[in-house]
4 protein chains.
Amino acid sequence: MNETKPKWSRRKDARPAEIVDAAMDVFVEHGFAGTKLTEVAKRAGVAKGTLYLYFETKEDLFRATARQALSANLQAVEQASAAFDGSVAELVPVLLKRAAGRLGDGRIPGIVRMVLAESRAFPDLARIWHDEVVARMLGLLTGLIAAAQAKGEIRAGDPKLYAMSIVAPMIMGLLFHEVFGSESDQAPDLDALAAQHSQAILNGIFMD
Amino acid sequence: MNETKPKWSRRKDARPAEIVDAAMDVFVEHGFAGTKLTEVAKRAGVAKGTLYLYFETKEDLFRATARQALSANLQAVEQASAAFDGSVAELVPVLLKRAAGRLGDGRIPGIVRMVLAESRAFPDLARIWHDEVVARMLGLLTGLIAAAQAKGEIRAGDPKLYAMSIVAPMIMGLLFHEVFGSESDQAPDLDALAAQHSQAILNGIFMD
Amino acid sequence: MNETKPKWSRRKDARPAEIVDAAMDVFVEHGFAGTKLTEVAKRAGVAKGTLYLYFETKEDLFRATARQALSANLQAVEQASAAFDGSVAELVPVLLKRAAGRLGDGRIPGIVRMVLAESRAFPDLARIWHDEVVARMLGLLTGLIAAAQAKGEIRAGDPKLYAMSIVAPMIMGLLFHEVFGSESDQAPDLDALAAQHSQAILNGIFMD
Amino acid sequence: MNETKPKWSRRKDARPAEIVDAAMDVFVEHGFAGTKLTEVAKRAGVAKGTLYLYFETKEDLFRATARQALSANLQAVEQASAAFDGSVAELVPVLLKRAAGRLGDGRIPGIVRMVLAESRAFPDLARIWHDEVVARMLGLLTGLIAAAQAKGEIRAGDPKLYAMSIVAPMIMGLLFHEVFGSESDQAPDLDALAAQHSQAILNGIFMD
DNA sequence: TATGAATGAGGATTCATTCAT
DNA sequence: AATGAATGAATCCTCATTCAT
């Protein structure tokens with residue numbers, strides 16, 4: 001009865017995180033309704049009842065999962081925005097290339113799809129997503145653009161709409177891969193898209 | 001009023017369309033799993049069993065519904081592409097404005113969200129969507145762009161990626177409204193977005 | 001508009017019999033619960049609703065079907081019993097051989113199985129079967145046996161039990177084929193069974 | 001009363017047997033289609049869902065139930081065959097009397113009726129019944145008879161057919177009671193039938 | 001804390017029966 | 001008399017949630 005009973009005394013406070021981590025995969029794969037808590041428990045390596053020690057309901061677990069997914073998203077955005085010292089002309093390609101690389105391979109596209117899918121049933125999630133991710137990200141970009149406009153770097157116009165012009169193609173590209181898989185011969189190469197779109201949006205596609 | 005309204009006669013051939021029409025609303029609103037056939041039936045004005053006269057299973061009804069939604073989508077695209085005689089410089093603003101107007105109010109954004117949401121559980125739907133809508137739409141635009149490049153109107157570059165640069169912001173805008181509602185103060189005005197993005201993508205946002 | 005509209009004016013009073021005939025096959029094949037009226041209608045070449053012009057409910061149709069099956073059974077028994085002039089020693093082999101031949105190929109074994117199967121849910125059928133077929137048949141045989149006992153042809157004993165000793169193996173043989181099919185290598189040859197059992201029951205299997 | 005009756009504890013391993021036991025009554029009484037799982041659950045003293053912890057589907061439960069019923073049947077047969085040392089002349093009356101007593105009161109006749117009834121819908125059950133009960137039972141008897149023939153106790157003839165001559169009347173008698181109940185004035189007394197048929201089949205009913 | 005057997009409300013599906021044509 | 005589209009009660013089955021251990 002000495003102190004080593006490591007079998008399950010192991011980090012008792014890590015449990016919620018482990019569960020959420022397991023849940024994320026399952027929710028992303030099957031959606032909210034399609035997810036069976038049995039499977040979440042199995043993947044988390046705990047019994048079904050254990051889930052209820054940490055989360056009141058399935059919805060609760062889903063919210064926690066989505067929130068954590070979004071907050072991770074958020075950190076990626078925050079980090080990306082740390083490189084905002086140069087001119088916009090330099091920033092945009094870097095930003096988009098980073099998005100292509102950092103977001104393209106991880107779980108983020110799946111999470112975006114999931115939140116998109118469930119946003120009707122979970123309006124609070126949509127709000128969190130909006131306030132903590134989308135608005136924040138757009139706000140950052142918008143600020144940069146407005147500053148650049150003040151410096152005469154960027155044409156007049158609504159900075160928020162410019163922000164969308166800049167980021168939307170990358171997001172679409174990510175979703176394209178997520179939804180149709182890379183099997184589609186139409187699936188855009190994300191790095192190429194980042195490069196070409198950067199040029200396109202900065203200089204236009206139209207030949208003067 | 002002499003139309004001898006049977007008020008409630010047999011109409012074997014109108015029924016499937018009526019049911020699909022009702023189902024579309026419910027599926028868009030609640031998703032596949034969240035949709036109760038009872039509600040579909042109620043909205044279609046028929047009994048639960050009647051659904052099974054025309055559709056084998058709930059999945060079947062969902063597929064039929066999504067397919068029809070996509071084919072409607074398709075028609076909108078085909079029509080939009082009928083105006084392809086002028087130069088790309090003239091076409092792009094028209095195209096995007098049309099998208100803003102025609103797609104913005106109807107059920108299409110909701111359908112896109114729904115198909116996005118269920119594409120994992122219904123890979124065949126994803127394929128249909130890809131082949132019959134996305135690839136087609138991209139193909140059309142890609143063709144126009146390549147032609148314009150041949151005429152020297154548009155810079156060198158992958159036409160498919162240019163196509164994404166052109167349409168993605170509109171689609172994002174539509175989804176933005178669909179997901180966050182227009183309450184969000186960040187929600188872009190679609191007409192303004194169409195106008196400004198047209199200019200941005202054609203001439204660039206960067207000031208020369 | 002003259003009298004010949006033979007398409008369906010054809011024997012309007014034959015319909016019930018046609019329906020019952022079709023129903024018999026289906027009920028025998030699938031049992032009461034497993035039978036779908038749609039299939040009965042299809043096999044009878046009428047619409048589902050037509051069944052209800054002649055039979056109030058599915059149960060009603062089943063009863064009529066079973067009754068007719070039993071009455072046909074009955075006739076076979078009556079006929080078989082017409083040959084009761086000779087001695088029992090001559091009658092038994094003839095009777096059993098006839099049973100083997102006449103009952104073995106037709107629908108009767110299936111009907112027996114069906115009535116057996118549903119006798120719990122339809123006690124009235126069991127009664128009809130009992131009164132009009134079983135008791136009658138046993139009664140006939142019992143009478144013959146009692147007469148033969150009076151003449152000193154057959155040993156003392158309960159004639160009814162003797163009757164069972166005589167007929168049971170044939171019935172078992174029929175059911176054996178019905179239930180296990182003739183694929184079973186254990187399935188008795190009915191003619192051989194008739195012949196051997198006749199000898200066995202008349203003279204015993206024991207060697208004196 | 002110190003048995004610390006948890007009154008209602010977990011008993012994962014007792015449950016299947018309890019359920020099957022309850023199910024047997026209901027299936028025998030109502031047949032497969034007529035059985036409602038609600039009633040099985042109620043009789044087993046569990047909730048509907050509990051059934052599904054142990055059996056995948058209703059069919060599954062039915063198969064398990066029938067199989068167990070048959071295996072019980074089988075044991076009865078095996079035991080009955082343990083008395084095979086004496087001569088056939090001694091064995092047959094004992095065997096039939098045992099059948100009359102042991103099988104007559106229990107659930108076996110009902111089970112036989114049930115399996116008979118459902119054998120069309122569950123051909124696999126028919127096969128199990130055939131292979132594990134019928135063929136086995138016939139095989140045992142057949143072996144005894146062949147041995148007796150070798151010893152000159154029993155006349156020449158197909159032993160399998162003799163076996164049917166011996167057992168069929170008892171089985172018919174059991175089914176008679178099962179189907180028509182003992183109310184029928186025709187219902188044979190099973191002990192009397194066993195006694196008389198033993199004599200009949202051994203010595204013949206015919207007076208030399 | 002952790003477990004997983006047990007629960008039962010909820011929803012898809014079937015099919016006998018009806019009735020407008 | 002005949003049709004078959006429409007109905008909705010009935011029932012199997014799932015799975016989030018509970019609770020005795």
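Everything quoted here is computed from the prediction, not taken from an experiment. Below, chains carry the letters A, B, ... as their sequence lines are ordered, and counting in each starts from 1.
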Item to check | Whether A/Phe27 and A/Phe32 hold their rings parallel, tilted or perpendicular, with breakpoints at 30° and 60° | outcome: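 Taking A/Phe32 first and then A/Phe27, their aromatic rings lie parallel (interplane angle under 30°).
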Checklist entry - Nearest heavy-atom pair of A/Pro16 and A/Phe55: which atoms, and what distance? => result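 Heavy atoms of A/Pro16 and A/Phe55 come nearest at O-CZ, 4.1 Å.
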Checklist entry - Is C/Thr65 reaching over with its side chain to a backbone N or O of C/Leu61, donor-acceptor style, under 3.5 angstrom? => result yes
Item to check | Expected output: side-chain B/Lys58 to main-chain B/Thr35 donor-acceptor under 3.5 Å | outcome: yes
Checklist outcome for this item: Taking Watson-Crick and G-U wobble contacts under 3.5 angstrom, with | marking pairs to another strand and [ ] crossing pairs, the secondary structure of DNA chain F is written .||||||||||||||||||||
Checklist entry - Does B/Arg15 place a side-chain N or O at less than 4.0 Å from the phosphate oxygens OP1/OP2 of F/dA6? => result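 Result: yes.
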Checklist entry - Quick one: do A/Arg120 and B/Glu178 make a salt bridge, cutoff under 4.0 Å? => result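 Salt bridge flag = yes for B/Glu178 with A/Arg120.
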Checklist entry - Do C/Glu18 and C/Arg15 meet the salt-bridge criterion of a basic N to acidic O distance under 4.0 Å? => result yes
Checklist entry - How long is the span from the CD1 atom in C/Ile111 to the CH2 atom in C/Trp129, to the nearest 0.5 Å? => result 11.0 Å
Item to check | Straight-line distance of C/Asp25 CG to C/Glu39 CD, nearest 0.5 Å | outcome: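 Reported to 0.5 Å precision, the distance equals 9.5 Å.
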Item to check | Residue pair A/Arg43, A/Glu29: steps toward the salt bridge (charged side-chain N to carboxylate O under 4.0 Å, His left out) verdict | outcome: CA-CA 13 Å; A/Arg43 284 216 211 174; A/Glu29 191 165 356; 3.1 Å; yes
Next on the checklist: Which is more 5' along DNA chain E, the nucleotide nearest C/Thr57 or the one nearest D/Thr50? Just name the residue.
Outcome noted: D/Thr50
Whole angstrom value for the distance that separates [atom2] of [N] from [atom1] of [X]:
X	N	atom1	atom2	result
B/Glu59	E/dT13	CD	C1'	14 Å
B/Ile19	F/dT7	CD1	C1'	13 Å
D/Glu56	F/dC13	CD	C1'	12 Å
B/Leu51	E/dA12	CG	P	10 Å
B/Phe62	E/dA12	CZ	P	14 Å
D/Leu61	F/dT11	CG	C1'	15 Å
B/Lys42	E/dG11	NZ	C1'	14 Å
A/Tyr52	F/dT21	OH	P	21 Å

Compare the minimum distances between each of [options] and the side chain of [X], then state the nucleotide with the smallest one.
X	options	value
D/Lys58	E/dA6, F/dC12, F/dT7	F/dC12
C/Leu53	F/dA5, F/dA1, E/dT3	F/dA1
D/Ala47	E/dT7, F/dG4, E/dG4	E/dT7

Item to check | Check: E/dT13 base within 3.5 Å donor-acceptor of B/Lys48 side chain | outcome: yes
Checklist entry - Which of residues 25-37 of chain A have a heavy atom under 4.0 Å from DNA chain F? => result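 Those residues are A/Thr35, A/Lys36, A/Leu37.
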